[in-house]
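Just below is one structure, and these are the notes that go with it.
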Amino acid sequence: MNNLKEIDQYLAHKKLPHMWCPGCGNGVILKHLLLGLAVLGIPREKAVLASGIGCSGRAGDYVNFHRFQGTHGRTLAFATGIHLSNPELTVVCLMGDGDCGAIGLNHLLHAARRNINITAIVANNLNYGMTGGQYSPSTPEDSLTSTSRQGKTGAALDLCRLAAEAGANYVARSTVYHVREMHKYILEALNTRGFSMVELLTPCPTYYGRYNKIGDAVQMLEMFKEKAIPLNKFQNMEESEQQNHFWRGVLVRKNNPDFYTRYRQKEAVQ
Amino acid sequence: MTNMQFLQGNEACTLAGIAAGARFFAGYPISPATEIAELSAKLLPRHDGIYIQMEDEIASIAAVIGASLGGMKAFTATSGPGFSLMQENIGFAVMAEVPCVIINVQRFGPSTGIATQPGQGDIMTARWGTHSDHSIVALAPASVQECFDLTVEAFNLAERFRTPVIVLTDATIAHLRETVSIPDTVKTVQRARPSGPVENYRPYAPAANQVPVMPNYGDDYILRVTGLVHDEAGYSSADPEVAGTLVNRLINKIEKYTDELPEPEYAGPDRPETVIISYGISARAALSAARRAKQQGRSMGVIRLRTIWPFPEKFITDICRSAARVLVVEMNKGQLLREVRAAGITEAYGLNRTDTRVIMPEEILEGGVLLE
């Protein structure tokens, strides 16, 4: 499933090449998101890409189907309205870790709680890239960023565990290094009715990699290879060990009815 | 056919929304606007509509904007604190040209203020609450009947101009009960939709009236929406030419067509010595004062604004030109007064109350006498 022809129909070719830095994983994520739509045969007119503000938010400029880009952090709230007004649409929200995990965290929790039929893809590059590499809630503790020159104070937030706890039907996490796994999770998420979320670790060699002396994009991918470990292994680690690792895998797979279905059922009873 | 109902202002606003075609309401509970949410929750499902209670007012207006882009007429209702939270996304709706209606039931004071008491302190928030240059439409009903009529109008204007429209009521009118005539059907306006070849469709190419036609998500016409400066195809752009043209068009598409907005009403002699300018609940006291002034043989006319923004400058200056005295009556520290003075009526004075009490006719009569 690596044939670019598959995603031709979804790309705004005249807007390419994209503006992302060399070594950024956003292009990989966008590619596999579009591949997911292609595999499922979703026509251009019935898909909406709702993106946030930040590096990944620019993805909307590179697609030639329905695109929405709202205000910082609010993507899931806007998308809730898009979905409910037109429930046959496939609504995919592409957000960054700052967008979804800081300013927009409230909306993530409530979208998951409602089990709204939306797929959320979180491109987690471990910092705010667009504004120059400040620390975000998902930046690992002690990491160097432009606003934590002595190391970040405070632990990293696990968005997946929050979304799972709040009631999402599907939650998974992988990295752009683990490309087959990522592809599979995106497909599973798109195939889920109810709220689905895939968090994807993606390298930001321009800021996070440079500040933390990890090296270039290749070395950042090697870091993901080494430090992103299967969920069951992670769960068997000591807490101190866990802090040096990321888990990947499927955290939740459920089939609870989504908000719209339940709302309409209640109404029929009325 | 019409039927007479005994309603409070909040109920009239809700019924008007549904009559105007609204099928989506997203909101967050706040006094004194809650009845709009409650009645919407009850009635919308009966019309195949959706009520959803969001996690805050930011999310509420966001969901409303999303639903409008999905093809439903959509609205929300709030009061001061919630209205402040909505401002960024109201600006987004201006920029992305998304029709929607925000009913702001004004309550007293800054911050939490007094949740159950009225005020008219959000006049400037409605105009300039969201950042940077833009135009906005804001209407101010003075009765429960007008809560119905102007809310219908708000939806129609939102569709006509592809813009958010704000309805400024207040805690008094919201909970006031009056007999209202509710027609079986109302005149509704639908957004202009694209036609012709799908391939060359550009979502932000303006029509002759400067408003682009609008598909919804799910149509064959591809809709690209962003709050970034965007070209006519809907792609983001940092080109100075594109930026300047867009901001000018967003303003001109409304400001050049103000004759389509509800006009002020004038009651009084042809060449009044004293002109009272007011709106909303305060205008009712002004009209009552003017009736008594007439009985006393005094020459007093009342301009009652129904559209607050864009400010109906010409209507007001035409009537005030020959007047000896102009008094602007409002429950704030003179927010509209500044606008009246900026229109060249420098000798205008304010009669203001900011202590939760509504302004009484006697105060206006006294105020008029003091100026005389």
Side-chain angles (χ1 to χ4, degrees), chain A residues 12 14-15 19 43-51 53 57-58 60-91 103-111 113-114 116 118 259-260 263-264 266-270, chain B residues 23-26 42 44-46 48-74 76 87-93 95-96 98 100 130 198 203 215-228 230 233-237:
Chain A
K14 64 180 175 185
K15 291 289 160 185
M19 51 87 78
R44 286 170 67 221
E45 314 79 62
K46 297 302 170 197
V48 179
L49 176 62
S51 64
I53 303 292
R58 291 303 181 103
D61 264 350
Y62 311 126
V63 300
N64 74 350
F65 56 100
H66 293 296
R67 172 267 176 107
F68 177 84
Q69 184 180 31
T71 49
H72 189 43
R74 316 302 171 193
T75 308
L76 285 166
F78 286 107
T80 297
I82 295 171
H83 157 68
L84 290 176
S85 64
N86 217 327
E88 73 273 21
L89 296 175
T90 298
V91 181
I103 189 167
L105 181 62
N106 199 21
H107 310 306
L108 173 67
L109 294 179
H110 289 278
R113 171 182 66 80
R114 294 184 186 103
I116 203 101
I118 286 173
F259 178 92
Y260 183 80
Y263 185 75
R264 286 294 181 227
K266 286 209 168 69
E267 208 184 292
V269 173
Q270 192 182 33
Chain B
R23 292 296 176 266
F24 187 92
F25 182 101
K42 183 177 163 187
L44 277 169
R46 299 180 191 172
D48 290 326
I50 301 263
Y51 168 89
I52 185 166
Q53 205 158 294
M54 297 300 287
E55 47 274 23
D56 56 31
E57 286 88 349
I58 299 172
S60 300
I61 181 72
V64 161
I65 290 167
S68 180
L69 291 165
M72 277 181 167
K73 289 187 186 178
T76 185
Q87 291 302 325
E88 185 193 7
N89 283 344
I90 291 174
F92 174 82
M95 184 67 151
V98 185
C100 57
T130 195
V198 167
N216 49 254
Y217 289 135
D219 284 353
D220 290 348
Y221 297 95
I222 297 302
L223 180 56
R224 283 181 213 94
V225 176
T226 176
L228 287 163
H230 44 275
Y235 290 110
S236 66
S237 169

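Residue numbering restarts at 1 for every chain, and letters A, B, ... go by the order of the sequence lines.
Remark: F92(B) CZ to F78(A) CZ distance equals 5.0 Å, nearest 0.5 Å. Between atom CD of residue Q53(B) and atom CZ of residue R114(A) there is a gap of 9.0 Å, rounded to the nearest 0.5 Å. Here the CD1 atom belonging to I53(A) is positioned 6.0 Å from the OG1 atom belonging to T226(B), to the nearest 0.5 angstrom. Taken to the nearest 0.5 Å, the CZ atom of F259(A) stands 7.0 Å off from the CD1 atom of I50(B). How far SG of C100(B) is from NZ of K73(B): 13.0 Å, rounded to the nearest 0.5 Å. Note that the CD1 atom of I52(B) and the CG atom of L44(B) stand 12.5 Å from one another [nearest 0.5 Å].
Contact count against chain B (heavy-atom pairs under 4.5 Å) is highest for R67(A) among H72(A), R74(A), R67(A). Between chain A and the options A26(B), A62(B), G70(B), the largest number of non-hydrogen pairs under 4.5 Å is found for A62(B). In terms of heavy-atom pairs under 4.5 Å with chain B, the best-connected choice from H110(A), K46(A), E45(A), H66(A) is H66(A). Comparing H107(A), K15(A), Q69(A), R58(A) by how many heavy-atom pairs each has under 4.5 Å with chain B, the most go to Q69(A). Per-residue heavy-atom pair counts under 4.5 Å with chain A were compared for D56(B), V198(B), I65(B), D219(B), and the maximum is reached by D219(B).
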- Show your reasoning for whether salt bridge (Lys or Arg N to Asp or Glu O under 4.0 Å) applies to R224(B) and D61(A). CA-CA 9 Å; R224(B) 283 181 213 94; D61(A) 264 350; over 6 Å; no
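At a 4.5 Å heavy-atom cutoff, the contact between Y221(B) and chain A is made by backbone atoms alone. Looking at L69(B), only its side chain comes within 4.5 Å of chain A, counting heavy atoms on both sides. For chain B, the nearby part of Y263(A) is the side chain; its heavy atoms alone come within less than 4.5 Å. Using a 4.5 Å cut-off between heavy atoms, V63(A) touches chain B through its backbone atoms (N, CA, C, O) alone. Heavy atoms of Y235(B) lying under 4.5 Å from chain A belong to its backbone as well as its side chain. Using a 4.5 Å cut-off between heavy atoms, L84(A) contacts chain B through both its backbone and its side chain. Contact annotation for N216(B): both backbone and side-chain heavy atoms come within less than 4.5 Å of a heavy atom of chain A.
Of all the heavy atoms in G60(A) and S51(A), the pair that sits closest is N-OG, 4.3 Å.
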